[in-house]
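Notes for the one structure printed next.
FYI, side chains are in, hydrogens and waters are out, and symmetry mates aren't considered; it's all heavy atoms of this structure. All of these numbers come straight from a predicted model, not from anything done at the bench.
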Amino acid sequence: MAEVLVYVDHMDGAVRKPTLELLTLARRLGDPVALALGPGAENTASALAEHGAVKVLTADAAEFADYLVVPKVDALQAAYEAVSPAAVLLPSSAEAKEIAARLAVRIGSGIITDAVDLEAGEAGPVATQSVFAAAFSTRTRVSKGTPVITVKPNSAPVEAAPAAGVVEALSVSFSAKATGTKVVSRTARESTGRPELTEAAIVVSGGRGVNGAENFAVIEALADSLGAAVGASRAAVDAGWYPHSSQVGQTGKSVSPQLYIASGISGAIQHRAGMQTSKTIVAINKDAEAPIFDLVDYGVVGDLFEVVPQLTDEIKTRKG
């Protein structure tokens with residue numbers, strides 16, 4: 001069976017959920033071979049093997065932490081040459097998409113970004129993408145070289161499928177450009193205790209209708225009752241009501257949760273571009289003509305300051 005190379009997103013050996021989803025998709029195409037880089041790479045083997053990796057390639061060097069992107073591209077290219085895979089899969093994070101693009105250029109292959117599904121095809125993997133504010137779904141395949149595909153989080157279930165997970169050290173020769181951009185400092189992001197926005201199964205977002213930073217407590221209360229992440233529209237972020245790191249949209253983050261609740265968000269195309277692939281969308285807005293209602297599965301026409309607290313109380317009651 002053909003091998004499929006999967007780029008591992010981890011933090012000091014703790015594998016992040018989008019990578020486990022990639023392994024589910026990779027098994028549809030062949031035998032997953034995982035590539036883990038940086039500190040703790042070897043510690044990823046157990047989780048990767050549990051979810052289907054037949055082999056885990058690892059490499060650690062100061063370059064992965066001290067310099068941006070290029071050292072990881074060098075390593076992914078080395079893994080590609082060692083494995084000769086039928087496809088290369090990466091999560092659709094900002095960094096991974098840059099790595100994917102650079103790899104595709106180096107190996108002369110086509111690239112597909114932000115896939116929401118993958119299936120095996122006679123002429124190679126076929127990716128499904130959601131485009132034009134979810135007005136269309138496209139099915140696409142790479143026609144030149146080895147497909148390099150990035151996949152949005154929450155596009156596949158995490159499924160246990162124990163495999164050998166044989167760990168092998170990967171030899172990496174860094175290119176001259178690997179040290180071109182140096183990381184000079186890092187600042188740990190303050191933890192909110194909520195899920196990572198791009199990986200969360202549920203996202204509750206607030207927009208212009210929230211009408212103030214202090215009123216985001218209503219959005220946060222609903223999110224906390226559901227174990228959800230909190231998002232914000234560009235209007236709310238530009239007004240200074242919520243951090244840019246939580247912005248959902250074309251100039252913010254792209255999310256694809258199982259459930260997306262939009263409160264006080266009109267539904268401008270810029271926002272829709274960042275959440276259109278959500279599995280179920282609920283909108284709460286007092287304007288019955290708001291564009292967001294054209295996209296939703298369920299809509300509530302009403303004042304969010306009346307609807308959202310009632311919804312929060314009902315959820316807490318049902319949870320006991």
Side-chain angles (χ1 to χ4, degrees), residues 16-18 20-21 116 134 152-159 189-237 239 241-249 252-268 271-272 274-320:
R16 299 179 70 175
K17 181 170 169 277
L20 303 181
E21 296 169 4
V116 295
K152 280 190 171 186
N154 295 311
S155 294
V158 173
E159 297 176 349
R189 183 171 57 192
E190 185 177 346
S191 174
T192 64
R194 300 187 182 99
E196 167 64 29
L197 180 60
T198 56
E199 300 174 16
I202 304 174
V203 174
V204 180
S205 288
R208 192 188 304 275
V210 176
N211 199 31
E214 67 281 2
N215 295 332
F216 256 88
V218 174
I219 305 301
E220 292 176 334
L222 176 57
D224 291 342
S225 72
L226 292 166
V230 175
S233 71
R234 178 174 177 174
V237 170
W241 299 342
Y242 222 68
H244 181 268
S245 58
S246 296
Q247 181 181 329
V248 174
K253 293 182 177 178
S254 179
V255 300
S256 188
Q258 297 297 314
L259 173 62
Y260 187 87
I261 301 176
S263 301
I265 296 175
S266 64
H271 185 76
R272 293 168 64 159
M275 44 68 74
Q276 63 192 13
T277 55
S278 302
K279 306 303 183 293
T280 300
I281 301 172
V282 177
I284 302 166
N285 200 301
K286 62 183 180 182
D287 180 6
E289 303 301 320
I292 191 72
F293 287 123
D294 294 334
L295 182 65
V296 302
D297 297 285
Y298 303 97
V300 179
V301 178
D303 187 335
L304 73 87
F305 294 108
E306 296 178 1
V307 175
V308 173
Q310 291 182 57
L311 178 57
T312 302
D313 290 343
E314 181 65 21
I315 291 168
K316 289 180 177 178
T317 299
R318 294 197 179 193
K319 291 175 71 173

Side chains of [X] and [Y], heavy atoms from C-beta outward: is any pair under 4.5 Å?
X    : Y    : result
S155 : V116 : yes
V218 : P309 : yes
T280 : Y298 : yes
D287 : S266 : no
W241 : N215 : no
I261 : L226 : yes
S205 : I265 : yes
P18  : K152 : no

The ring-ring contact (aromatic ring centres under 6.0 Å, His included) partners of Y242 (sequence neighbours excluded) come to F216
task: Tell me, with the steps shown, if S254 and Q276 meet side-chain contact (heavy atoms from CB on, under 4.5 Å).
output: CA-CA 9 Å; S254 179; Q276 63 192 13; over 6 Å; no
Rounded to the nearest 0.5 Å, what separation is found between the [atom1] atom of [X] and the [atom2] atom of [Y]?
X    : Y    : atom1 : atom2 : result
N154 : T277 : CG    : OG1   : 9.0 Å
I281 : R272 : CD1   : CZ    : 8.5 Å
K316 : D313 : NZ    : CG    : 6.5 Å
N285 : I292 : CG    : CD1   : 8.5 Å
K253 : S245 : NZ    : OG    : 5.5 Å
L304 : L311 : CG    : CG    : 11.5 Å

Original post:
Does atom CD of E214 have more than 12 heavy-atom neighbours, drawn from other residues, nucleotides or ligands, at distances under 6.0 Å?
Top reply: yes
Point to revise | Heavy atoms of other groups near K17 NZ, more than 12 under 6.0 Å | key: yes
Quiz question: by atom type and distance under 3.5 Å, do the side chains of K319 and S225 form a donor-acceptor pair?
no
Minimum heavy-atom separation for [X] and [Y], please, with both atom names.
X    : Y    : answer
V301 : F293 : CG2-CZ, 4.0 Å
S233 : G207 : OG-CA, 3.2 Å
S263 : V308 : OG-CG2, 3.8 Å
A232 : V237 : CB-CG2, 4.0 Å
S278 : Y260 : OG-CB, 3.5 Å

Distance-only donor-acceptor pairs under 3.5 Å for side chains of residues 192-201, two or more places apart:
| from | atom 1 | to | atom 2 | distance (Å) |
| --- | --- | --- | --- | --- |
| T192 | OG1 | R194 | N | 3.1 |
| R194 | NE | D224 | OD1 | 2.7 |
| R194 | NH2 | D224 | OD2 | 3.3 |
| E196 | OE1 | R189 | NH2 | 2.7 |
| E199 | OE2 | R16 | NE | 2.7 |
| E199 | OE2 | R16 | NH2 | 2.5 |

Quick check: does any side chain N or O of H244 sit under 3.5 Å from a backbone N or O of G252, one acting as donor and the other as acceptor?
no
